[in-house]
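Let me begin by presenting the structure, written as structure tokens, before commenting on it.
Values below: all heavy atoms of this structure, side chains included; hydrogens, waters and symmetry mates excluded. All chains are named by letter (A, B, ...) in the order of the sequence lines, taking the proteins before the strands, and each is independently numbered beginning at 1. None of the values given here were measured: they were computed from a predicted structure.
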2 protein chains.
Amino acid sequence: MAQIAAEAGVSATTVSHALSGKRPVNPETVARIQRIVQEHGFVPNSSGVRLRSGRTGVIGLAVPDIAHWYFGRIAKGVEEIANERDYGLVICGTMNADPRREKRYFNMLRTRAIDGLVYTTSRSMSDLDELVTVAQGSSIVFADEAVDRLPEVPSVTTTVREGARLVGEHLRELGHSRAVVIAGYAGLRSTTERVAAFREYFPTALTLFGDFEQQSGYELMGDLLANDVAFSCVFAHNDFMAIGAIRRLREAGIRVPEDVSVVGFDDVDVATIMSPALTTVRKDMVEIGRRSARTLFDVIEGEPGSARSSVLPVELVVRGTTAPRRD
Amino acid sequence: MAQIAAEAGVSATTVSHALSGKRPVNPETVARIQRIVQEHGFVPNSSGVRLRSGRTGVIGLAVPDIAHWYFGRIAKGVEEIANERDYGLVICGTMNADPRREKRYFNMLRTRAIDGLVYTTSRSMSDLDELVTVAQGSSIVFADEAVDRLPEVPSVTTTVREGARLVGEHLRELGHSRAVVIAGYAGLRSTTERVAAFREYFPTALTLFGDFEQQSGYELMGDLLANDVAFSCVFAHNDFMAIGAIRRLREAGIRVPEDVSVVGFDDVDVATIMSPALTTVRKDMVEIGRRSARTLFDVIEGEPGSARSSVLPVELVVRGTTAPRRD
DNA sequence: CGCGGTATGCAACACGATTTGCACAACCGT
DNA sequence: ACGGTTGTGCAAATCGTGTTGCATACCGCG
């Protein structure tokens, strides 16, 4: 900026005022400055602005794996809102819960490299204690999954309990009486809630815990078959595990949905293009991202205490992998 | 930091030296300072460091849609390397080529909010001129798709020409003689190259241009069928369009691969789980991301001119959607 | 005892933009 | 003509860190 000022024959102060308009400047001077700024393609150095203002104009998003369908959608929603508010978005991968990585974005918060963080966890966190420490005095929002030990931190979740009930009801209406559950991480609240809600309809349903990956659904289904477990329907806690389970069932010569009905969760893109299309519970991941970002901005910019947790609805989508029970 | 210094009874300078070790400090003093730092959980404010050092420790990644499988993989690779080098990664969505959005991350470069940019384009860029301007004097690497007008900018691409040849060869070996191509954006170099290379094997192949989305493959296949075009094999420029085309074929009662063989490109996850599994050309998107990031760091930190464009190999993966021609 | 070298620490400055306090001029109203 | 207001601009301070020049004290050696 000094260069602009020198060239215009005024002080840097005047240049700043001319551009911001916070104090009256001679219109003629303004015009001259603007011309020079235009010529040089001058833009204020962000580091200077940041230091002065104390704000970074950047928020962070912590996700286990940005390449994953699930977290990609969340990221998209967050990015959308961040962009709308003229904020930058830094992505922090937490793959494998590498403690060094986790430390990195906690430090970003502490060093004020970002103004706030949308935190997404898919397994029970390893460094929960540190998160607790950092959470005080920093702007954090939990997306998709709340953390029990930090109830005062705003979160954006979905009505997974209701979703599980819809699944139970749907399968009951189809006449099924013996169900198995291929559940998510045992430590997650959303897993516990879904297991409990589903039990309202199938109190004795056998429940196995997986890791949300296709392979896991495949293997757990293998275990069920190997042990001659009797069931006519499966509730998988996400679509990938449902797909893996279906693959395993087919390999065993069991038809879906004729012999066994399968229900997934999340409604991934693939659910519609596979055949038969997957019956599942739709979660609007992009909206979770959007809402999380908005909530974070409430924390950062809004009145203290104005940020509130929210719970988004889910929706049962009946497609081709569920059918009436037949003996 | 001033607070730490005051508490330790020394100047801020000493604290800085004690922590960085760039000048000898009394070990006793160091110990005292470290204890206080530990207590307060002090971390240097990043804005100060940035202003002082002139570096941001952040690189940018511009992608059309972070939620898309394709770009998510690239992002993952970039994030991996950025993290390895202790850099942050900001994501810039360029969805719909919204000019305001594009301006935003060009400005991030200009304002030195980021040290460099990995730029991914999936369509012919709207604001190419601006990119040309910004590219001078900034650190940019093109990922996945080079830009003809900027040959001096390093890029990381794949041997798509070779990939198309492998497809042509494979289909020829199966005895096919009439092919159609469902191509990508007409303006992309990778599209042109693949069309040309495939023509070496099927010189008269009818070529239709799509937008890389499933719907586009579906619709273009519909056009082909409606016009009674005769063909026994299809080369789609990505897997999503291939999947759309297969869906449309099935709806018309045409079997894949018995009646028509279909080959895709990219090798998306779904390709293996659909049935029959999709014959395709594998591109290692994560590696493209990794390599792009490494190349960018060569530009930023390496010897001037040390950054070189690279071309990664592709690989034909024969699965179930291709079969010998039968009359 | 004096000299040079080393250990140790402080004050001052730089990075770049913005804001505040102050000064000078022109102009208006009484 | 004089006090007050408004327009216009500059110098200086601020944000937080890292570095450099300088000063002091201490030690070893001749």
Given the options A:Thr295, A:Leu150, A:Val156, A:Phe142 meets side chain to side chain contact (heavy atoms under 4.5 Å, CB included) only with A:Leu150
Do A:Leu117 and A:Leu61 touch side chain to side chain, with heavy atoms closer than 4.5 Å? no
Any non-hydrogen side-chain atom of A:His40 less than 4.5 Å from a side-chain atom of A:Glu7? yes
Please determine which of A:Arg73, A:Arg85, A:Arg294, A:Arg290 meets the salt bridge (Lys or Arg N to Asp or Glu O under 4.0 Å) test together with A:Glu80. A:Arg290
Mind running side chain to side chain donor-acceptor pair (under 3.5 Å) on B:Tyr70 and B:Asp144 for me, showing each step along the way? CA-CA 10 Å; B:Tyr70 197 77; B:Asp144 188 47; 2.7 Å; yes
Describe, in one word, how the ring planes of A:Phe106 and A:Tyr119 are oriented to each other, choosing from parallel (under 30°), tilted (30 to 60°) and perpendicular (over 60°). parallel
Expected rows: protein N/O vs nucleotides 14-20 of chain D N/O, under 3.5 Å:
residue	atom	partner	partner atom	Å
D:dT14	O2	A:Arg52	NH1	2.4
D:dT17	OP1	B:Asn45	N	2.8
D:dT17	OP2	B:Met1	N	3.2
D:dG18	N2	B:Arg52	NH1	3.2
D:dG18	N3	B:Arg52	NH1	3.3
D:dT19	OP1	B:Lys22	NZ	3.2
D:dT19	O4'	B:Arg52	NH2	3.0

Please tell me if A:Thr29 has a side-chain N or O lying less than 4.0 Å from either OP1 or OP2 of D:dG9. yes
If I take atom CZ in residue A:Arg55 and atom P in nucleotide C:dG16, what distance separates them, rounded to the nearest angstrom? 24 Å
Rounded off to whole Å, could you give me the CG-to-P distance for the A:Asn26 and C:dA25 pair? 16 Å
Pick base, sugar-phosphate or nothing for A:Val15, based on heavy-atom distances below 4.0 Å to the nucleic acid. nothing
